[in-house]
Structure formats: C-alpha cells, structure tokens
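Keep in mind the model is a prediction, meaning the values are calculated, not measured.
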Amino acid sequence: EEYFEELCISVDADEAHEQEAIEFFENQFGEADFDPTQWLDIALYYSPAVARGIIELVTADDKSRSNIAEVIADNLDISYGEDECQQFAETIQFALANGVPVDLDVVLDGCQRAIDDLDTWAEEDMKEPLLRLREELLRMQGEE
C-alpha cells in the first residue's frame with residue numbers, strides 16, 4: 001500500500017507512468033490484505049490519472065466504502081493551493097461520475113474549517129482557491 005502511494009505521488013509529479021501504478025494495483029488482487037477501496041482513495045487523492053486507470057476494476061460495493069470526502073476534507077488545512085483545490089474539484093467530479101459516493105457536506109465542512117483557519121493569519125488571496133472550491137462544491141450540491 002505504501003509503495004502504491006509512492007507510485008501515485010510519482011505519477012502526479014511526472015516521475016513515473018500511470019501504467020506502472022495501474023499494473024501494480026491489478027497485481028494486488030487476491031492478496032490477503034488488499035483493500036481496493038483504500039487503494040482507490042489513495043489514487044483519487046494523489047493521482048487522478050491512476051484513478052482513471054483503476055476505477056473500472058473496483059466493484060460498486062468497494063466504491064461505496066470510499067472515504068475520499070473525509071480524506072480531502074482532512075487535508076484542506078495543509079493543501080489549499082490553486083492546483084490542489086482545482087485537482088480536488090476534478091477528483092470529486094470524477095468520483096461522482098464513476099459511482100463513488102462523495103459526501104459534499106463533509107468536504108464543505110473541511111473547506112470552511114480551512115477558510116476559518118486562514119482567516120486568523122493569511123492574506124485574502126491565499127483563501128481564494130478555497131473559496132472557489134467551496135463555490136464549486138455548492139454548485140455540485142445543487143446538481144444532486
């Protein structure tokens with residue numbers, strides 16, 4: 001699992017090809033401690049390219065156990081840059097479009113906590129990506 005996470009980070013940094021991570025994922029099926037849901041969440045968080053490559057391999061039951069909303073919400077206090085917030089919005093859209101439930105309220109709460117934290121010390125422009133992410137989440141929520 002740690003190696004898969006490292007692979008996903010390397011793919012996102014253009015240091016590895018997503019096929020390597022996808023094949024590693026495929027080779028884990030049948031292993032005693034393999035949890036496709038946990039691995040899907042890792043891919044969704046770190047590398048959308050890997051997530052696109054493995055999403056069809058994950059069953060609907062496993063997708064339903066995803067914690068990607070909590071993972072993103074818990075990391076918004078440290079990952080709130082322009083690129084990160086844009087990737088989170090795309091990840092959530094991708095997950096929803098592929099049968100992975102995402103509790104938008106959980107992500108909105110995490111977003112608000114991060115905005116509130118930044119209110120205590122940061123310049124307005126630092127909050128901008130989070131504010132845009134919040135708007136995008138509210139828009140998605142209206143489409144449900």
Side-chain angles (χ1 to χ4, degrees), residues 1-118 122-123 125-144:
E1 190 176 306
E2 287 177 24
Y3 180 68
F4 183 69
E5 187 173 317
E6 289 171 22
L7 273 175
C8 288
I9 292 168
S10 294
V11 169
D12 193 52
D14 287 331
E15 296 168 357
H17 193 276
E18 66 261 17
Q19 194 58 40
E20 185 179 348
I22 294 165
E23 288 173 8
F24 186 72
F25 178 88
E26 291 173 335
N27 291 334
Q28 298 309 303
F29 278 95
E31 294 295 319
D33 60 349
F34 177 64
D35 179 0
T37 304
Q38 206 164 358
W39 288 49
L40 175 61
D41 285 348
I42 290 168
L44 285 167
Y45 185 77
Y46 289 109
S47 177
V50 174
R52 284 190 294 278
I54 67 172
I55 193 75
E56 296 300 320
L57 303 170
V58 181
T59 66
D61 283 349
D62 288 332
K63 288 177 187 176
S64 72
R65 295 186 299 114
S66 171
N67 286 321
I68 193 60
E70 289 87 359
V71 172
I72 291 173
D74 289 346
N75 285 285
L76 283 171
D77 61 333
I78 56 171
S79 298
Y80 50 80
E82 183 73 38
D83 292 344
E84 294 156 320
C85 286
Q86 179 64 37
Q87 183 171 318
F88 291 150
E90 291 169 8
T91 293
I92 291 166
Q93 290 170 333
F94 171 78
L96 290 170
N98 285 280
V100 178
V102 178
D103 187 336
L104 296 176
D105 287 333
V106 169
V107 185
L108 278 165
D109 287 348
C111 198
Q112 192 58 53
R113 280 192 310 272
I115 290 168
D116 291 346
D117 179 54
L118 289 176
E123 300 291 323
D125 59 335
M126 284 187 79
K127 292 188 288 189
E128 192 58 38
L130 282 169
L131 294 171
R132 278 198 298 279
L133 176 61
R134 183 176 66 186
E135 290 304 311
E136 181 64 19
L137 293 166
L138 290 168
R139 186 192 63 71
M140 283 186 239
Q141 206 170 37
E143 292 176 358
E144 283 187 337

Side chains of residues 42-50: which donor-acceptor partners sit under 3.5 Å, not counting sequence neighbours?
| residue | atom | partner | partner atom | Å |
| --- | --- | --- | --- | --- |
| Y46 | OH | E5 | OE2 | 3.2 |
| S47 | OG | V50 | N | 3.4 |

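Among residues at least two apart or in separate chains, there is no ring-ring contact (aromatic ring centres under 6.0 Å, His included) pair with a member in residues 90-110. Residue pairs meeting the side-chain hydrogen bond (donor to acceptor under 3.5 Å, both in side chains) criterion with at least one member in residues 96-110, sequence neighbours excluded, are D105-Q141. Pairs passing the ring-ring contact (aromatic ring centres under 6.0 Å, His included) check and including a residue from residues 50-73, sequence neighbours excluded, do not occur.
Partners of E26 by side chain to side chain donor-acceptor pair (under 3.5 Å), not counting sequence neighbours: none found. In terms of the salt bridge (Lys or Arg N to Asp or Glu O under 4.0 Å) criterion, residue partners of E136 (sequence neighbours excluded) are, by chain and number, R139.
A salt bridge links D62 with R65: the distance from a Lys NZ or Arg NE/NH1/NH2 to an Asp or Glu carboxylate oxygen falls below 4.0 Å.
Although no hydrogens or angles enter the test, the distance criterion places a donor-acceptor pair under 3.5 Å between the side chain of E84 and the main chain of G81. Put simply, the side chain of N75 gets close to the backbone of V71: a donor and an acceptor are under 3.5 Å apart.
The side-chain contact (heavy atoms from CB on, under 4.5 Å) test with L130 singles out one residue from D77, L76, D117, and that residue is L76.
Side chains of N27 and E23: a donor-acceptor N/O pair is absent below 3.5 angstrom, by distance only. In summary, the side chains of E90 and Q86 do present a donor paired with an acceptor at a separation below 3.5 Å, with no hydrogens or angles considered.
Closest heavy-atom contact between K127 and I115: CD-O, 4.0 Å.
L40 CG to K63 NZ: the interatomic distance, rounded to the nearest 0.5 Å, is 8.0 Å.
Side-chain rings of F88 and Y80 stay apart, their centers remaining 6.0 Å or farther from each other.
Below 30°, between 30° and 60°, or above 60°: for F4 and F24 the angle between ring planes is below 30°, a parallel geometry.
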